Amino acid sequence: MVADPPAPAESSTAAPARAVRADVLAAVAALALVGLAAWVGFAWDLRLYGSEHFPGAPDTFGEWPVLAEWLPHLGIGTPMAVLVAVAGVTWGPSLAARLPWRWALGAGYALAVAWTFSLALIDGWTRGIATQLTSQDEYLAAVPGITDIPAMLDSFARRILDYQPDSWITHVAGHPPAITVLFVWLDRIGLGGGAVAGVLCILVGALVAVAVPATLAVLGDRERARAALPFVALFPGAIWMGVSADALFAGVTASGVALLAFGATRSRWWACLAGGVLLGYGIFLSYGLILMGVVALAAVLAARSWRALAWALPGAVAVALVFLAAGFWWLDGYHLVVERYYQGIASARPYGYWVWADLACLVLVLGPATAAGLRRATVSGFLRPWPSATVAMARAGVLAVIAADLSGLSKSEVERIWLPFAVWVVAACALLPAKSHRWWLAAQAALALAVNHLFLTNW
């Protein structure tokens, strides 16, 4: 007798095919969340009245879920943005995989700079870059009135609360003094004005395209570091990288984490110290960047070097002591800025909406590929007792976002506020199958181009 043939085994391609379908469903679900937030926002008429909260902004600006005006338009940056997107999608993955590592990082930085500039120029040089930081609520508006930096630092906290004759303008009051002092210094050395400030924010912000993959590489995840590089350089959040001061915040803190990771894995105390200084400086750029401690801690855990913290902490403490000696205590500023926040627009923004609509806004920053990557990061986290560096860093970015979201201190405008956390979450795109990278990069670029051409964003 001839034995019955064995039952055919499930095709070896079935599991990957199911995973790809799950990736697509995750991306579709993320975009559906954006649609739901927009629909609810319109239904509740969650509109910003420009004359009351954002002087100079059009009354048509809405928060559904991003702060933007529906205004389909083209600009001088349109052809450049399309060309950069096509080049990044076509050659980004292959160059990232084949170039010597330092050259790959340099190419990633160049791509990030070109992508951010081109997106900003869709709104024109003046509107897109030169005047973005010069409105009456932005930092540069306060620069002419600051003639004595030590006196400014000594009185800074006392001027945070609103409804007093010498109250700081919105963005100065809402942040620690480091960013305002930076713009004052630039002005004093002859580099004042909105154009220089805008270009600086773009150039520093683009450092994330070096810092994030470099961190993954030194933590031992070299292949995924290369895979992540074009996704970080071409991520949709570049819309708000050009131009907002939060782009500068992202570049500074990402560089701090990269230095910390390098020092932790190479036993370089000076790198850990420098990383601590940058991260300490970061919390004097924005109060919310205290949550970058979650990302920094993830890097230390991935490196398995607690000694790195012993080297980094003195650097961060030194920054705090310098500001304290100048008259500004971070905790005083934090408590006062929370009070100032609820003196203004925060009281009109319902927590029950923004606690989930902020996440919908973040989808537009991260793009559909990141939703798919996070799905894989979640599965990987369950299957491995100790996740890879890519999974760990992406997860840390998510934890920082969740903490910021639940705090209620980031209701709306998170398309720029959460940029320092978002750049770490987008690293999850490296978990996607290599053969699909160009398709996912195309989806990322298409989303950014659509948002930037269909809406006039406030940043």
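Counting from 1, the numbers follow the sequence of the chain as shown. Remember, predicted model here, so these are calculated numbers, not experimental data.
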Query raised in the report: Can you check side chain to side chain contact (heavy atoms under 4.5 Å, CB included) on Y342 and L409, steps first, answer last?
Result: CA-CA 9 Å; Y342 283 96; L409 299 177; 3.9 Å; yes
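- Between P176 and I283, the closest side-chain pair of non-hydrogen atoms is not below 4.5 Å.
- A heavy-atom distance below 4.5 Å is not found between the side chains of Y341 and S410.
- By the 4.0 Å N-to-carboxylate-O rule, R226 lies too far from E223 to be salt-bridged with it.
- Ring geometry for H171 against Y139 counts as perpendicular: the plane angle is over 60°, on a 0 to 90° scale with 30° as the lower cut.
- No more than 12 heavy-atom neighbours from other residues, nucleotides or ligands sit within 6.0 angstrom of CH2 on W439.
- Across every non-hydrogen atom of A310 and P314, the tightest pair is O-CD, 3.1 Å.
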Requested in this report: Apply side chain to side chain contact (heavy atoms under 4.5 Å, CB included) to the pair T215 and L260, showing each step before the final yes or no.
Outcome: CA-CA 9 Å; T215 299; L260 179 60; over 6 Å; no
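- Heavy atoms only, all atoms of each residue included: A37 and A357 are closest at CB-CB, 4.1 Å.
- In this structure, A245 and L133 approach most closely via the heavy-atom pair N-CD2, 4.1 Å.
- Distance check: L279 CG to L285 CG gives 11.0 Å after rounding to the nearest 0.5 Å.
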Query raised in the report: What's the verdict on ring-ring contact (aromatic ring centres under 6.0 Å, His included) for W356 and Y353, showing C-alpha distance, side-chain angles and the deciding distance?
Result: CA-CA 6 Å; W356 62 272; Y353 173 75; 5.4 Å; yes
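- Note: W418 CH2 to L359 CG = 5.5 Å, rounded to the nearest 0.5 Å.
- Note that CZ of R224 is 16.0 Å distant from CG of L229, once rounded to the nearest 0.5 Å.
- R307 CZ: 12 or fewer foreign heavy atoms inside a 6.0 Å radius.
- Within the 3.5 Å criterion, the main-chain N or O of M241 finds no donor-acceptor partner in the side chain of S244.
- For the atom pair I417 CD1 and S286 OG, the distance stands at 7.5 Å (nearest 0.5 Å).
- Looking at Y287, its side chain never comes within 3.5 Å of a backbone N or O of H335 through a donor-acceptor pair.
- In this structure, F183 and T180 have side chains that are not in contact, with every pair of non-hydrogen atoms separated by 4.5 Å or more.
- With hydrogens and angles ignored, the 3.5 Å screen pairs a side-chain donor or acceptor of S436 with a backbone N or O of P433.
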Query - F284 and H175: CA distance, side-chain angles, deciding distance, ring-ring contact (aromatic ring centres under 6.0 Å, His included) verdict - result: CA-CA 8 Å; F284 285 89; H175 296 79; over 10 Å; no
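- Considering only heavy atoms from C-beta on, W270 stays 4.5 Å or farther from W311 through its side chain.
- Atom CG of residue L191 and atom CG of residue D187 lie 9.0 Å apart, to the nearest 0.5 angstrom.
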Report task. Apply side chain to side chain contact (heavy atoms under 4.5 Å, CB included) to the pair S388 and V391, showing each step before the final yes or no. Result -> CA-CA 5 Å; S388 67; V391 172; 3.4 Å; yes
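- Formation of a donor-acceptor pair under 3.5 Å by the Y351 side chain with backbone atoms of L406 is found in this model.
- The residue from D162, V172, L161 that alone fulfils the side-chain contact (heavy atoms from CB on, under 4.5 Å) condition with S167 is D162.
- Residues T265 and S305 fail the side-chain proximity criterion, which asks for heavy atoms closer than 4.5 Å.
- Looking only at side-chain heavy atoms (C-beta outward), L182 and Y281 come within less than 4.5 Å of each other.
- When all heavy atoms of L67 and E413 are compared, the pair lying nearest together is CD2-CG, 4.4 Å.
- You'll find the side chain of V294 stays beyond 4.5 Å of the side chain of L297, heavy atoms only.
- In the displayed structure, W330 atom CH2 is contacted under 6.0 Å by more than 12 heavy atoms of other residues, nucleotides or ligands.
- Within the 3.5 Å criterion, the main-chain N or O of V84 finds no donor-acceptor partner in the side chain of W115.
- Across all non-hydrogen atoms, the minimal contact from A299 to M393 is N-SD, 3.7 Å.
- A distance of 11.5 Å separates CD of Q132 from CG of L140, quoted to the nearest 0.5 Å.
- With hydrogens and angles disregarded, no donor-acceptor distance shorter than 3.5 Å links the side chain of D246 to the backbone of F249.
- What you find for L105 and P213 is that their closest heavy atoms are CD2-CG, 4.0 Å.
- Distance alone, capped at 3.5 Å, is enough to place a donor-acceptor pair between the Q444 side chain and the L366 backbone.
- Centroid-to-centroid, the aromatic rings of W168 and F156 come within less than 6.0 Å.
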Query - Check against side chain to side chain contact (heavy atoms under 4.5 Å, CB included), L449 and L119 - result: CA-CA 8 Å; L449 290 171; L119 289 174; 4.1 Å; yes
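- Side chains of L362 and F421 form no contact here, defined as non-hydrogen atoms less than 4.5 Å apart.
- By the 4.0 Å N-to-carboxylate-O rule, D358 lies too far from K411 to be salt-bridged with it.
- With W240 as the aromatic partner, R416 does not meet the cation-pi criteria of under 6.0 angstrom to the ring centre and within 45 degrees of the ring axis.
- Side-chain N/O atoms of R438 and T90 include no donor and acceptor closer than 3.5 Å.
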